[in-house]
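As structure tokens, the structure follows; a few thoughts come after it.
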Amino acid sequence: MTFQAPKGTFDWLPPRSERVLAVREALVQPVRQAGYGYIETPTFEDTELFKRGVGESTDVVTKEMYTFLDKGGRSITLRPEGTAPVVRAVLQHGLHNGQLPVKLWYSGSQFRYERAQKGRYRHFWQVGAEALGAEDPALDAELILLAWQGYQSLGLRRVELLINSLGDRECRPAYRGTLQEFLRGLDLDEETRRRIEINPLRVLDDKRPEVQAQLGDAPLMVDHLCEACKAYHEEVRSLLAAAGVPYTDEPRLVRGLDYYTRTTFEFVHGGLGSQSAVGGGGRYDGLSELIGGPSLPSVGWALGVDRTLLAMEAEGLLDDTGEGRVAVYGVPLGEEARRRMFLLMAELRRAGVSADMAFGGKGLKGAMKGADRSGARFALILGERDLAARAVQLKDLTTAEQTEVPLAQVVEIVKGKLS
RNA sequence: GUGGGCGUAGCUCAGUUGGCAGAGCGCCAGGUUGUGGUCCUGGAUGUCGUGGGUUCAAGUCCCAUCGCUCACCCCA
């Protein structure tokens, strides 16, 4: 082997790659049905967008970004997440000057420079949805419900929804101080102590047992929410309950991006190895202002496409890759037959019948083998004898029954048999 | 960035106290000169990750290095 995919990346190959398309399609379908419009933004952005948007204190920005200088000396970063670019595009094009909320969805690659492990790669795929410019608990609940429906439609049964509220600029600062005071009294390593000063909430999310053991009495945001945040959170929870979406309150859920306020949530699954989140999101009322825009209270999520596939695999939903690639397979014998078969394939496809044929001058036996492996229902065998008779042999590969049909009618006949 | 495990055929892997490079699956061909799957027979494919060392002799032992993988951390 001369080259391989860069560290931390991988290729999607058939037949699994087809499932990736299906997963994206399924996750997106509910969102489209709810009036979200498709947006595509560049794969790379001005580095500053992520520094300001995602937050200087986050791991994503401090150590996980693919950043480089382009030939014009600009600092460019491959997007590590999709929300900041969407907000940037909305502001740039003034989409928020129309009716609110602006509802958008996207699907694409994200990049983070991390040590790869199961479910975590340097290049990964997300489907995302964002609703910008409205502060309404029903919008938070709608998004959560749409994601939930996406997972359900894929047959996933072991996806769990965790929710929390991170408060807002009214109540979070005071809580933050209280939490810092508590954390400073604990026995923690140096890096974690540093984190107490920069982003104390994330210490709560530390999964190391020696850290968790000390957090039993830690003050929680839920107990320090202001009246407005409390009411908002209650309403989101009540709407979810009314819609029949099961959820678990997780007061330690913090998430790693700085822009989240109030509602945060994560969809977790136990089948991904040590990674558990298959999707997550929350409200980000301050993000627009962080990157120079007006107040634009918004909520959104991103669902990991490759992680969703792992979850499906863990639930045994990927097993039968059964269906054939094509419905009909052409077996030409000789030069003249190959030319005619080439045209016949085109006719079949034009008529809406998927078709493939044997290439490379294979003998009959080899070509029939190809027919078998293609998963085709029918083989069309065409040799000199058939050409002379202006006919083709139509073989049903499931019953081995073979009939001769006129070349002029084969497309119609095959179409009829397949319907 | 830190730690564990693993690198042998296209794939999954065996290879004993150091002694001729192996199996299964897949692929190709034939059994059947115009018929697939099942079956039978035969065939091809290896810088044993790479470099160095020890030894009469290294896939096997030692050192280094690269890669993969799992986990920590973090997140989708």
For [X] and [Y], which I'm curious about, is there any donor-acceptor pair between the side chains at under 3.5 Å?
X	Y	value
A/Tyr175	A/Gln180	no
A/Glu40	A/Tyr38	yes
A/Ser165	A/Thr263	no
A/Tyr259	A/Glu81	yes
A/Gln214	A/Asp187	no
A/Ser109	A/His123	yes

Mind listing the closest non-hydrogen atom pair of [X] and [Y] along with its distance?
X	Y	answer
A/Ala327	A/Val353	CB-CG1, 4.4 Å
A/Leu382	A/Ala337	O-CB, 3.2 Å
A/Trp148	A/Pro246	CZ2-CD, 3.4 Å
A/Asp356	A/Arg349	CA-NH2, 4.0 Å

Rounded distance in Å - [atom1] ([X]) to [atom2] ([N]):
X	N	atom1	atom2	answer
A/Lys63	B/G1	NZ	P	11 Å
A/Lys369	B/G36	NZ	C1'	8 Å
A/Met368	B/U32	CE	C1'	13 Å
A/Gln275	B/C73	CD	P	10 Å
A/Leu272	B/A76	CG	P	13 Å
A/Tyr260	B/C74	OH	P	17 Å
A/Tyr259	B/C75	OH	P	11 Å
A/Leu382	B/G34	CG	P	14 Å

Reckon [X] touches a base, only the sugar-phosphate, or nothing at all at heavy-atom distances under 4.0 Å?
X	answer
A/Gln110	nothing
A/Gly280	sugar-phosphate
A/Ala367	nothing
A/Gly366	nothing

Roughly how many Å apart are [M] and [N], using the [atom1] atom of each and rounding to a whole number?
N	M	atom1	result
B/G15	B/G49	P	15 Å
B/G1	B/U45	C1'	41 Å
B/U41	B/A23	P	14 Å
B/G26	B/G5	P	35 Å
B/G67	B/A29	C1'	36 Å
B/U12	B/G4	C1'	23 Å
B/A58	B/U16	P	16 Å
B/U54	B/C62	C1'	7 Å

Inset, instruction - Just compare B/A76, B/C73, B/U35 and give me whichever is closest to any side-chain atom of A/Leu364. - result: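 It is B/U35.
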
Legend entry - Verdict with reasoning, A/Thr308 to A/Val127, per side chain to side chain contact (heavy atoms under 4.5 Å, CB included): CA-CA 11 Å; A/Thr308 299; A/Val127 163; over 6 Å; no

Inset, instruction - Using only side-chain N and O atoms of A/Arg373, determine if any of them is under 4.0 Å from OP1 or OP2 of B/G26. - result: no

Legend entry - N/O (side chain, A/Arg120) to phosphate O (OP1/OP2, B/C73) under 4.0 Å: no

Legend entry - Spatial distance of atom CG (A/Asp249) from atom CG (A/Leu220) [nearest 0.5 Å]: 11.5 Å

Legend entry - Gap separating the CG atom of A/Leu239 from the CZ atom of A/Arg237, nearest 0.5 angstrom: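 The CZ atom of A/Arg237 is 11.5 Å from CG of A/Leu239, to the nearest 0.5 Å.
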
Legend entry - Close residues, residues 195-203 of chain A, relative to RNA chain B [heavy-atom separation under 4.0 Å]: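 Only A/Arg195, A/Arg202 qualify.
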
Inset, instruction - With a 4.0 Å heavy-atom cut-off, tell me which residues in residues 299-309 of chain A come close to RNA chain B, sorted by residue number. - result: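 Going residue by residue through residues 299-309 of chain A, the ones with a heavy atom under 4.0 Å of RNA chain B turn out to be A/Ala302, A/Gly304, A/Asp306, A/Arg307.
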
Anything under 3.5 Å between a protein N or O and an N or O of nucleotides 39-45 of chain B, put it in a table, one pair a line.
none

Can you give me the N/O atom pairs linking the protein to nucleotides 67-69 of chain B at distances under 3.5 Å, or say none if there are none?
{"from": "B/C68", "atom 1": "OP2", "to": "A/Lys7", "atom 2": "NZ", "distance (Å)": "3.1"}

Inset, instruction - For residues A/Phe10 and A/Trp125, establish whether the separation of their ring centroids is below 6.0 Å. - result: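 Ring-ring flag for A/Phe10/A/Trp125: true, centres closer than 6.0 Å.
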
Legend entry - Geometric cation-pi criterion A/Arg122 and A/Tyr66, 6.0 Å radius, 45° cone: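 No, a cation-pi geometry is absent between A/Arg122 and A/Tyr66.
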
Legend entry - Pairs satisfying side chain to side chain donor-acceptor pair (under 3.5 Å), at least one member in residues 269-289 of chain A, at least two apart: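 Residue pairs with at least one partner in residues 269-289 of chain A: A/Gln117-A/Ser274, A/Glu130-A/Tyr284, A/Asp140-A/Arg283, A/Tyr232-A/Arg283, A/His269-A/Glu315, A/Gln275-A/Arg307, A/Arg283-A/Asp285.
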
Inset, instruction - Report yes or no: is there a donor-acceptor pair, N or O only, under 3.5 Å between the side chain of A/Asp372 and the base of B/G37? - result: no

Legend entry - Base B/U35 paired with A/Gln393 side chain (donor-acceptor, <3.5 Å):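 In this structure, the two groups form no donor-acceptor pair.
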
Legend entry - Dot-bracket line, read 5' to 3' along RNA chain B, where crossing pairs take [ ] and | marks a partner on another strand, Watson-Crick or G-U under 3.5 Å: (((((((..((((.....[..)))).(((((.......))))).....(((((..]....))))))))))))....

Inset, instruction - For salt bridge (Lys or Arg N to Asp or Glu O under 4.0 Å), just list the numbers for A/Glu347 and A/Arg340, CA-CA rounded to whole Å, side-chain angles, deciding distance to a tenth of an Å, and then say yes or no. - result: CA-CA 11 Å; A/Glu347 287 172 52; A/Arg340 187 65 190 86; 3.4 Å; yes

Legend entry - Note, A/Pro80 side chain near A/Phe111 side chain (heavy atom, < 4.5 Å):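 A/Pro80 does not reach A/Phe111 side chain to side chain.
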
